[in-house]
K.L.:
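Take this structure first; my questions come after.
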Amino acid sequence: MGVLEKEILAPVSGTYNLENYEAIRETFSWDDAAKGLSFEKTGKINAAYETIDRHVDEGYGDKIALHYVDGDERRILTFKEVKEKTDLYARVLRDNGVRKGDRVFVFLPKTPECYISILAIIKIGAIAGPLFEAFMEEAVKDRINDCKGTVLITDKEMVKRVPQSEIQSLHTILDVENIENTVYEETAADPVEWVDLEDGMLIHYTSGSTGKPKGVLHAHRAVIHHYVSGKWVLDVKDDDVYWCTSHPGWVTGSVYGLFAPWLNRATIVIQGGRFKAENWYRLIAELKVTIWYSAPTAFRMLLSQGDILKNYDLSSLRHVLSVGEPLNPEVIYWAWEQLGVRIHDTWWMTETGGHLIVNLPAEKIKPGSMGRPFPGITVGILDEKGKELPRGSVGQLAVRTPWPGLMKEIWGNQDRFDAYFKYEGWYVSGDLAYQDEEDYVFFQSRDDDMINSAGERIGPFEVESKLIEHPAVAEAGVIGKPDPIRGELVKAFITLRPGFTESKELLEEIRVFVRNNLAAHVAPREIEVLEELPKTVISGKILRRELKEMEILRTKKSN
Ligand code: 6R9
């Protein structure tokens, strides 16, 4: 089953925020865990206040909140400066008619303004919808339309990908540059809107295996989960420099790129631009990054670049974490040998709002395992009837409800929400896994057709729908093809409409069509033309699973 007993890595000696996992599991309560947050004392909550303003009120206004790095550009903002900027943005939003509960989207590259916009929206009680920077028109439109977003914050470049005339609810588009140039009286009122723990704050769209992406809504209470997991799993301390490599359009980039580290008063790094191994290593060396959160696909790319890491002083790194897809043991061993650090895998989902299965820094790691349940979390491996299976058996990975980060709803779709809770008292993840005698959980696969390419969850349905909009494509079946670097890559099988013949140019044209209309990262890297697609007899559903098996069989033969 892949558990190699000799491959167990002991913790690196040091002092960690959580030293004794077994003891805390006995005594844990979310109420106790939330004690460092201010709403525990004041009874008033606002997630943006807790994340930034609280530190200013507690006397840490001059601490560096962020380092921004893009090419040769460098910027530093203190907590006080971030607070003042979120106040400014919040006032501009109010003046543009934004009220509590409204959905406001952010479509910006990874810049301080992107983070500040998200916080400003939440500060006035509205719901922030961060969009991934690579989205094209269609993806932007579908998401804003779904929850009837009214205002969008973007910039002069990205606004070109916003088809405003096709988004009826959207009454205002704000350019960050104009927001930055707005001036208010110094005496302007504090824009914080105090809300309930249950009020919505953040909506992230995530792919399902059928239908359009779902809008996963999180409530202000999620910051309790963000705060505690930031303290124990990220192990943030006051002198840390923390870098999460994701864009806030992905839940990792918002929860563990923004909320969790800042709730724990970390100095964070925001890095713009594309992935390049040299730049990443240079950044760690230059800013002396101590905590680094990234994804297996990035680690695999770094690994494949070989020795260049020897040119950089990476000795500042003390704690490294991974999320998004299975973390290959080879990668853990590479990091251990080359960087002298363990990589701590973490498992969670957009819907769970925060870490559920983790490797804590003071505990041993079993390469191949995602770790153990976070304190306060109970994992179950269930059969098809929802009955718990014994240790070692593979089944549906489920978690006892509730916990503070758990989503509040799927926007406008009760049925899709209820599907996660089909067994009384459990949240069913859609992943298959097993758990060993020491509680470590081992991921096996998704239970559906979802594709996981470079840590991005891609719904085959959305890609298929786009493919068949191309005049040459009759039908399409999209799968994840196993790939050593990306985990999976998007592969499309298509049939052609009469009158079209297969050619390299045509396939490239189809690929570019998806890229330009949906998003670059979902465009199939491979397209193969078939005479017909395998289908279920009764419902005529395209059998993606069969396509996948065929592909895997072929790959095996050719190796
Ligand atoms: C945070 C995030 C969730 C799905 C999840 C699972 C996969 C996440 C993983 C992992 C293996 C890990 N996944 N962490 N698979 N090991 N440590 O990734 O959210 O984009 O919603 O994806 O990602 O399949 O169900 P999201």
Side-chain angles (χ1 to χ4, degrees), residues 2 130 132 202-209 213-218 222 225-226 229 233-234 244-260 293-300 320-329 331-332 343-360 365-374 379 394 396-399 405-407 410 416 419-420 427-435 440-460 462 480 482 486-488 519 521-522:
F132 196 59
L202 192 62
I203 189 162
H204 271 289
Y205 277 82
T206 188
S207 306
S209 57
K214 357 182 192 189
V216 176
L217 180 67
H218 289 289
H225 196 162
H226 302 165
S229 54
V233 185
L234 305 179
C244 168
T245 57
S246 313
H247 183 278
W250 183 32
V251 74
T252 298
S254 71
V255 171
Y256 292 105
L258 190 169
F259 295 103
Y293 200 175
S294 197
T297 185
F299 292 126
R300 287 192 295 262
V320 182
L321 305 103
S322 172
V323 66
E325 41 172 341
L327 179 64
N328 324 72
V331 175
I332 299 186
I343 303 184
H344 300 76
D345 198 7
T346 56
W347 177 90
W348 61 295
M349 306 172 66
T350 306
E351 296 87 333
T352 74
H355 292 147
L356 292 185
I357 298 173
V358 298
N359 284 283
L360 291 160
I365 282 176
K366 298 187 181 185
S369 159
M370 311 190 286
R372 284 184 292 178
F374 188 82
V379 160
V394 175
Q396 307 178 71
L397 173 55
V399 181
L406 179 60
M407 64 176 164
I410 299 283
R416 286 180 103 181
Y420 291 90
Y427 163 86
V428 181
S429 69
D431 286 355
L432 299 177
Y434 71 91
Q435 196 172 24
Y440 284 77
V441 182
F442 293 75
F443 177 86
Q444 298 297 286
S445 66
R446 286 287 306 175
D447 196 14
D448 54 24
D449 298 330
M450 295 295 301
I451 299 166
N452 192 332
S453 183
E456 301 287 343
R457 219 167 124 181
I458 299 170
E462 208 183 4
R486 303 183 158 261
E488 289 184 319
H521 69 286
V522 307

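Read the numbers this way: they start at 1 and go in the same order the structure lists the ligands and their atoms.
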K.L.:
Within a distance under 4.0 Å of any heavy atom of Thr252, pick out the atoms of ligand 1 and give their elements.
P.N.:
1 (C)
K.L.:
Could you go through Tyr440 and Asn359, starting from their C-alpha distance and side-chain angles, then the distance that decides it, and tell me whether this counts as side-chain contact (heavy atoms from CB on, under 4.5 Å)?
P.N.:
CA-CA 9 Å; Tyr440 284 77; Asn359 284 283; 4.1 Å; yes
K.L.:
Which residues pass the ring pair (Phe, Tyr, Trp, His ring centres under 6.0 Å) test with Tyr205, not counting sequence neighbours?
P.N.:
none
K.L.:
Checking contacts here: is it the side chain or the backbone of Thr350 that comes within 4.0 Å of ligand 1, counting heavy atoms only? Could be both or neither.
P.N.:
both
K.L.:
What closest approach, in Å, do Ala260 and Leu234 show between heavy atoms, and which atom pair accounts for it?
P.N.:
CB-CD1, 3.9 Å
K.L.:
Counting each atom of ligand 1 from 1 as listed, which ones have a heavy atom of Met349 under 4.0 Å away?
P.N.:
3 (C), 5 (C), 19 (O), 21 (O), 25 (O)
K.L.:
Measuring from non-hydrogen atoms of Pro326 to any atom of ligand 1, is the shortest distance under 4.0 Å?
P.N.:
yes
K.L.:
I need the contact type for Thr346 against ligand 1. Using non-hydrogen atoms and a strict under-4.0 Å cut-off, is it side chain, backbone, both or neither?
P.N.:
backbone
K.L.:
Counting only heavy atoms closer than 4.0 Å, does ligand 1 sit against the backbone of Arg446, its side chain, both, or neither?
P.N.:
side chain
K.L.:
Measuring from the heavy atoms of Ser429, does anything fall under 4.0 Å of ligand 1?
P.N.:
no
K.L.:
Kindly assign one of parallel, tilted or perpendicular to the pair His355 and Tyr293, based on the angle between their ring planes and the thresholds 30° and 60°.
P.N.:
tilted
K.L.:
Partners of His204 by ring pair (Phe, Tyr, Trp, His ring centres under 6.0 Å), sequence neighbours excluded?
P.N.:
none
K.L.:
Starting from atom 24 (O) of ligand 1, locate the nearest protein heavy atom and write down its residue, its atom name and how far away it is, to 0.1 Å.
P.N.:
Asp431 OD1, 2.9 Å
K.L.:
Report the nearest protein non-hydrogen atom to atom 14 (N) of ligand 1: residue, atom name, distance rounded to 0.1 Å.
P.N.:
Gly324 N, 3.2 Å
K.L.:
Taking atom types as modelled, find out whether Ser229 and Tyr256 have a side-chain donor-acceptor pair closer than 3.5 angstrom.
P.N.:
yes
K.L.:
Starting from atom 22 (O) of ligand 1, which protein heavy atom do you reach first, and at what distance in Å?
P.N.:
Arg457 CD, 3.2 Å
K.L.:
Which residue owns the protein heavy atom closest to atom 20 (O) of ligand 1, what's the atom, and how far is it?
P.N.:
Trp250 NE1, 2.8 Å
K.L.:
For the pair His226 and Phe259, name the ring-plane relationship: parallel under 30°, tilted 30 to 60°, perpendicular over 60°.
P.N.:
tilted
K.L.:
Between Trp348 and ligand 1, which residue portion shows a heavy-atom distance shorter than 4.0 Å: side chain, backbone, both, or neither?
P.N.:
both
K.L.:
State the atoms of ligand 1, each with its element, that fall below the 4.0 Å cut-off from a heavy-atom position in Asn452.
P.N.:
7 (C), 23 (O)
K.L.:
Does Thr297 reach the main-chain N or O of Gly455 with its side chain, forming a donor-acceptor pair under 3.5 Å?
P.N.:
no
K.L.:
Using the salt bridge (Lys or Arg N to Asp or Glu O under 4.0 Å) rule, take Arg446 and Glu488 through it: C-alpha gap first, then chi angles, then the decisive distance, then the call.
P.N.:
CA-CA 12 Å; Arg446 286 287 306 175; Glu488 289 184 319; over 6 Å; no
